[in-house]
Amino acid sequence: MPVRQLPETIVNRIAAGEVVERPASVVKELVENAIDAGASRIDVFSDGGGRRRITVTDDGSGMSRADLALAVERHATSKLDDEDLLRIRTLGFRGEALPSIGAVAKLSITTRNAADPNAWAIAVNAGAKSAITPAALGAGTRVDVADLFYATPARLKFLKTDRTEAEAVREVVRRLAMARPDVAFTLAGEERAQVTWAAALPGVAGRLTRLSDILGNDFRNNAIEVRAERDGVVVEGFAAGPALTRANALGQYLFVNGRPVRDKLIVGAVRAAYADYLPRDRHPVVALFVTLDAESVDANVHPAKTEVRFRNAGLVRALIVHALKDGLAREGQRTAANAGGATFAAFRPMQTIPQGWDWRRSPNAPASAASALASARAMPAGFAEAAQAAFDAGAPAADLRHAEAIGPDLLDRPLGAARTQVHETYIVAQTRDGLVLVDQHAAHERIVYERLKAALARDGVARQILLIPEIVELDESTVERLLARTDELASFGLAIESFGPGAVAVRETPALLGKTDARALLADLGEHMAEWDEALPLERRLMHVAATMACHGSVRAGRRLKPEEMNALLREMEVTPNSGQCNHGRPTYVELKLADIEKLFGRR
C-alpha cells in the first residue's frame, strides 16, 4: 500500500482521540482556557453526562474577531510568548483543544473582548467551520459543545453511563476549583442541585475555606497545615489527620504550579509520610500544592497534561515527606474523637427496660443471699417495687478500681488523672473539663515504637543476651525470609541464626521489650516480610520491624494496672510524638467533653 497524506479531517479526529477521551476531558480543557483568560467566575453546565451538551461560560478577557478565527485552527495558541517549551506558565499551551473538540462534536464559541463593541461567534461542526458572525454577549466567552463524538460513533461505545460520566465531570471541576480558590465556580445540570463555590479570600485561610467547601466539614475539622521550602521548591497545603481516611487514594489532591496532576512520585511520598499513622489498607486525605520554577518541571509529558516530570524528583519527594511528617508530628495527639463528633454520636440513650424483667434472673445478679440483700438495701427508698428494677444496675460489668486521691495539678494535664481501669483494657481519666478513655495496649505500643526509632537513630537498640538460646520452629519459607534479613533484625537487637531446617535460634532480644514471646514475634515478622519486595526502601523495612516489635513489647489488653502505672502511662503519652494513634493507625484515646456529657443527659 503506497504512502499517502491523510485528509485534515482525519488528522483532527486522530488528534482528538489523544486530547478528548471523554466528556470530562472537554470540561477540563474549556475550564483551563477560562482560567488562563483571567476569569474570576466560571459556570459549567452539562447534560447527559456531557454527551448531549456541555456549556462553559466565563468572564475572562475574551477574544477579538481575528483571535477567534485562529482559535479553532490546530496548533494556534496565545499562551506561549516564544517557542521555549521549558517555560510553561499556563494550564494550556498546545493549541489543540478547540479544533479537537470541533472535529468530533458540534462546537460553537461566542466571545467578546472588552475593546470590541460587540461579541463574535463561530461554529465548528465535525471539523467544518462556519463564517464568523456578530453576536450578543457581555465580556468573556461562552463555549457550547453538543452531541459529543457524534462524528466518531465508535467512541460512544466506550463511554460509561451518564451518571458515571457526570461524576467524572464533577471531579474535574472540583480539582480545578481547589487549585484556584480566587475564582468562583458554578456547576449545574444532570438533574442535580446547582453547586456554587464562591471566590475565597487570598492566603491560607481562603485556601482552607475552598477545600472545606469541596471536601466537607470533616476535612476542615481534621485539616493540618503543612509547609516546607528548599532550593526554590515550595510544598504547602493541608493534610487530614489520621482520623480521616479513605479506602482508596482518590482523596489525594495534588497540584503542581496550579495544575491538577496525578503523579506516582507524589502519591508514593504521601504514603511514606503516613506509614507510621495508617493501616496498610487505608489512605489519607490531602491537598498539596507544589510550586517551583517552570523550568524545573516538564508539563509536556502527556497530551492530557495530567502527568509531570520533575528535574529534581528526589528534592520534591523529600520536601513532601518532610512537610507531612512535620505537620503530623505537630498535631500528634489529635484523635478521631477530638476532631469530630464520632465519640458523641456513639452514645445513645438507654433503651426502656422490658416489662416484667427480673434482676434476680440476670446473669449479673448477686450470687449469694447476703449480696442480694445488700443490693436491695442499696436501692432508693420510696418507690414501688416494680419501679425499683429500673434503678438497679446489677453486678458490675467491669472491674472498677478507684485510684488514690488526685491532686488538682493532674486534672490540668492534657490527658488528666487516671481514675480507674475498665475491663482491664481501658483507662478512664478525668480532665478539668471532661473525661478521656485510653486504650492501654495501643497507647503503650506507640510509646515503645517511638523509643525503638529514637534508639535506632541515636546509637542502636540495646540488646539482652539470652542465657539459653530459644529455639523457634517455623515453616521453612518463613525461616528463609527471616534469615535473609538477619542484618536488619540485628539493628533492632534481635539476633537469630539458623538451627537446621525449619528452625532458628534466638540469641539476643531487644532489652526494651523485656520478656517477650519469641515465637509469636518471629511469626509476625515473617508474615510481614512475605509482603515486602526489594523495591521497598531499607528505612521502611526497618520501620515495619520496629512496629511489629513494639506490638509485642507493649502492655497487653487484659493486664491489670495499678493507679501509679496508669498515670505513668498517661504522662508518657503526653511527651511521646504521635501518641494520638498507634503505629497501626488506630486511635490510642478518645476524649469526651463535659459539655457533651451534659447534652447526653439533657442538661444542655
Side-chain angles (χ1 to χ4, degrees), residues 23-47 50 53-64 67-68 71 77-79 89-93 97-98 101 107-122 135-146 166-216 253 255 257-260 287 289 305:
S25 305
V26 175
V27 174
K28 175 181 178 294
E29 297 290 346
L30 297 182
V31 174
E32 285 182 351
N33 282 346
I35 293 174
D36 287 339
S40 61
R41 180 177 184 83
I42 301 173
D43 299 328
V44 180
F45 173 85
S46 65
D47 182 40
R53 182 169 299 278
I54 295 172
T55 303
V56 176
T57 307
D58 67 74
D59 61 354
S61 59
M63 292 180 283
S64 64
D67 287 342
L68 179 59
T77 181
S78 62
K79 301 172 185 181
R89 293 184 171 83
T90 55
L91 297 177
F93 54 89
L98 293 178
I101 296 170
L107 170 70
S108 65
I109 306 173
T110 305
T111 182
R112 180 183 179 184
N113 186 277
D116 291 342
N118 60 273
W120 299 97
I122 191 173
L137 184 71
T141 302
R142 183 178 67 243
V143 181
D144 188 80
V145 180
E167 188 56 36
V169 169
R170 292 175 65 85
E171 184 63 18
V172 163
V173 178
R174 280 157 52 97
R175 288 180 179 269
L176 290 168
M178 290 182 200
R180 293 298 300 267
D182 58 316
V183 179
F185 285 83
T186 298
L187 180 60
E190 307 300 339
E191 298 181 354
R192 291 193 180 188
Q194 177 175 298
V195 180
T196 299
W197 298 303
L201 296 173
V204 174
R207 174 173 286 169
L208 180 58
T209 299
R210 172 58 60 84
L211 293 175
S212 302
D213 289 343
I214 295 174
L215 299 179
Y253 298 91
F255 307 88
N257 287 347
R259 184 190 306 278
F289 301 82
K305 304 186 291 293

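Atoms considered below: every heavy atom in the structure, side chains included; atoms not considered: hydrogens, waters and symmetry mates.
Considering only heavy atoms from C-beta on, Arg112 stays 4.5 Å or farther from Asn118 through its side chain. No side-chain heavy atom of Val169 sits less than 4.5 Å from a side-chain heavy atom of Ile54. A heavy-atom distance below 4.5 Å is not found between the side chains of Val31 and Val172. Looking at heavy atoms from C-beta onward, Arg174 lies out of side-chain contact with Leu187 at the 4.5 angstrom threshold. Side chains of Ile122 and Leu107 form no contact here, defined as non-hydrogen atoms less than 4.5 Å apart. Side-chain atoms of Asp67 and Thr111, non-hydrogen and from C-beta on, never get closer than 4.5 Å to each other.
When all heavy atoms of Leu137 and Thr110 are compared, the closest pair comes out as CD2-O, 3.4 Å. Asn33 approaches Ala97 most closely through the heavy-atom pair ND2-CB, 4.5 Å.
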Would you be so kind as to tabulate the donor-acceptor pairs closer than 3.5 Å made by side chains of residues 197-209, with sequence neighbours excluded?
unit_1: Thr209; atom_1: OG1; unit_2: Ala205; atom_2: O; d: 2.9

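Listed by chain and number, the residues in a ring pair (Phe, Tyr, Trp, His ring centres under 6.0 Å) with Phe289 are Phe255 (sequence neighbours excluded). Residues meeting the salt bridge (Lys or Arg N to Asp or Glu O under 4.0 Å) test with Asp182, sequence neighbours left out: Arg180.
Distance alone, capped at 3.5 Å, places no donor-acceptor pair between the Arg210 side chain and the Ala179 backbone.
Judged by distance alone, the side chains of Arg142 and Ser108 never bring a donor and an acceptor atom under 3.5 Å apart.
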